Structure formats: structure tokens, C-alpha cells
There are 2 protein chains.
Amino acid sequence: MSSEPAYDPLGAVPRYLQIARILRARIESGALEPDRPIPSEKAVEQEFGVARQTARHAVALLREWGLVQTVPGLGTYVIRR
Amino acid sequence: MSSEPAYDPLGAVPRYLQIARILRARIESGALEPDRPIPSEKAVEQEFGVARQTARHAVALLREWGLVQTVPGLGTYVIRR
DNA sequence: CTATATTTGTGCGTATGTATG
DNA sequence: ACATACATACGCACAAATATA
């Protein structure tokens with residue numbers, strides 16, 4: 001059984017990093033597929049109950065990690081590799 | 001040759017002031033043109049490796065100096081004079 | 001062509017906590 | 001105590017790009 005990292009809002013690990021790791025796990029597991037969009041910032045906010053800034057921070061990490069590509073006005077997509 | 005002030009993170013002059021002076025020099029030299037946006041807060045953060053607060057502090061100085069004008073939701077622009 | 005909805009980009013203001021000089 | 005600086009996090013607003021009715 002492979003499970004994604006747990007989300008612990010009160011933990012020592014910053015929320016944006018926890019969220020980024022969870023989304024990364026979804027990409028690596030194939031739950032989020034290449035050339036397909038990841039959840040919007042709005043959706044991330046709602047799923048994890050965080051502010052937009054925090055959601056954006058998480059997605060920014062995915063970009064830095066080379067996992068996704070963002071198109072303004074459209075969305076953020078999983079990079080095919 | 002006119003060169004902009006050096007950035008010295010370990011110097012006695014506060015970083016926000018150093019950054020503000022560098023951006024001012026770019027405006028006065030024409031590297032940043034009137035009616036054109038200066039680098040976003042994010043870009044300033046990244047270029048100088050400082051926190052958001054510090055980048056914002058620098059841009060706030062440019063406003064106080066009457067060099068730029070900030071438009072909410074759009075950016076900060078060099079004032080034509 | 002216009003209007004609307006969605007998504008991302010940018011900025012403002014504020015707050016808490018940590019650390020250094 | 002104070003100024004500076006970093007890190008994290010919340011809420012809000014307006015602008016721009018994109019897609020669709």
C-alpha cells in the first residue's frame with residue numbers, strides 16, 4: 001500500500017510544504033496525470049483549508065521541482081517526462 | 001560609465017535601503033523606463049535573495065521618493081516626469 | 001462581438017514567531 | 001528595548017489571460 005504523506009496543519013512542517021509533498025505524491029503515483037491540470041489554487045485552498053497564498057506557495061514549489069508548468073489564466077499542468 | 005550602487009548584504013546599510021538605491025539608479029539611468037513596471041515584489045525577492053517584507057520596504061521607499069506609483073492588482077510603475 | 005466564469009498574477013494590510021546586532 | 005530581517009500564514013482586492021456561452 002502506498003499512501004500519500006499526511007496533512008498535519010499543526011505540525012512543525014510548514015503547511016505549504018506538506019501540501020506540495022502531497023501533490024507531488026499524487027503526481028508520482030499517477031493520480032495526477034501528465035498533460036492534465038492539477039487542482040486549481042481555489043481547489044487547493046478548499047481541500048486543505050488554507051489561504052490562497054499558502055496554496056500558491058505549494059504550487060510554486062512543484063514548479064521549482066520541475067513537476068508542473070503554469071499557464072496564466074488557464075491552470076497548472078503536470079509535465080510529461 | 002555609470003554603475004549602480006553595489007549590493008552588500010553584509011554591509012552596514014540596511015538591505016531594503018540598498019535595494020531601493022539600486023532600483024532608483026536603474027530608474028535614473030533609464031534602465032527602468034517611465035510608464036513601465038519595475039520588477040514585481042517576487043522578482044525583487046529573488047534577485048536579491050531577501051524576504052517579501054524587505055522587498056516591499058524597498059519599493060515603499062521608491063514611492064516615498066516619488067519615483068514610482070503602485071497600482072493595486074497591476075504593479076508598480078515608473079512615474080513619467 | 002460581448003458577456004461571464006475561471007484561473008493565475010500582483011499587491012495591500014496584518015499577524016505571529018524566530019533571530020541577530 | 002529597538003531596528004533589521006527572515007519565515008510562515010491569514011484575508012481581501014483588482015488586473016490580466018483564457019475559455020466558453
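Quantities reported herein were computed from a predicted structural model and do not represent experimental measurements. Residue numbers begin at 1 in each chain, while the letters A, B, ... track the order of the sequences.
Side-chain N/O atoms of A:R56 and base N/O atoms of C:dT10 include no donor-acceptor pair closer than 3.5 Å.
Comparing D:dA9, D:dA5, C:dT8 against the side chain of A:P14 picks out D:dA9 as the nearest. Between C:dC12, D:dC6, C:dT8, one nucleotide has an atom nearer to the side chain of B:R15 than all others, and that is D:dC6. Distance from the side chain of B:E41 is smallest for C:dC12 among the nucleotides D:dA5, C:dT8, C:dC12. Here C:dC12 is the nucleotide among D:dC10, D:dA7, C:dC12 with the atom lying nearest to any side-chain atom of B:R52. Each of D:dG11, D:dT4, C:dG11 was ranked by its minimum atom distance to the side chain of B:T76; first place goes to C:dG11.
Between A:L61 atom CG and D:dA7 atom P the separation is 13 Å, expressed in whole Å. The distance between atom CD of B:E45 and atom P of C:dG9, rounded to the nearest whole Å, is 14 Å. Atom pair B:Q69:CD and C:dG11:C1' shows a separation of 14 Å (rounding to whole Å applied). Summarising the geometry, the separation between CD on A:Q46 and P on D:dG11 is reported as 12 Å, rounded to the nearest angstrom.
A donor-acceptor distance shorter than 3.5 angstrom exists from the side chain of A:Q18 to the backbone of A:D8, with no hydrogens or angles considered.
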- Query: Where do B:V50 and B:I19 land on the side-chain contact (heavy atoms from CB on, under 4.5 Å) test, with the steps shown first?
  - Reply: CA-CA 10 Å; B:V50 295; B:I19 294 170; 3.9 Å; yes
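Across the interface with DNA chain C, nearest-nucleotide mapping of B:T70 and B:Q53 shows B:T70 to be the residue nearer the 5′ end.
Ring planes of A:H57 and A:Y16: parallel class, angle under 30° (limits at 30 and 60°).
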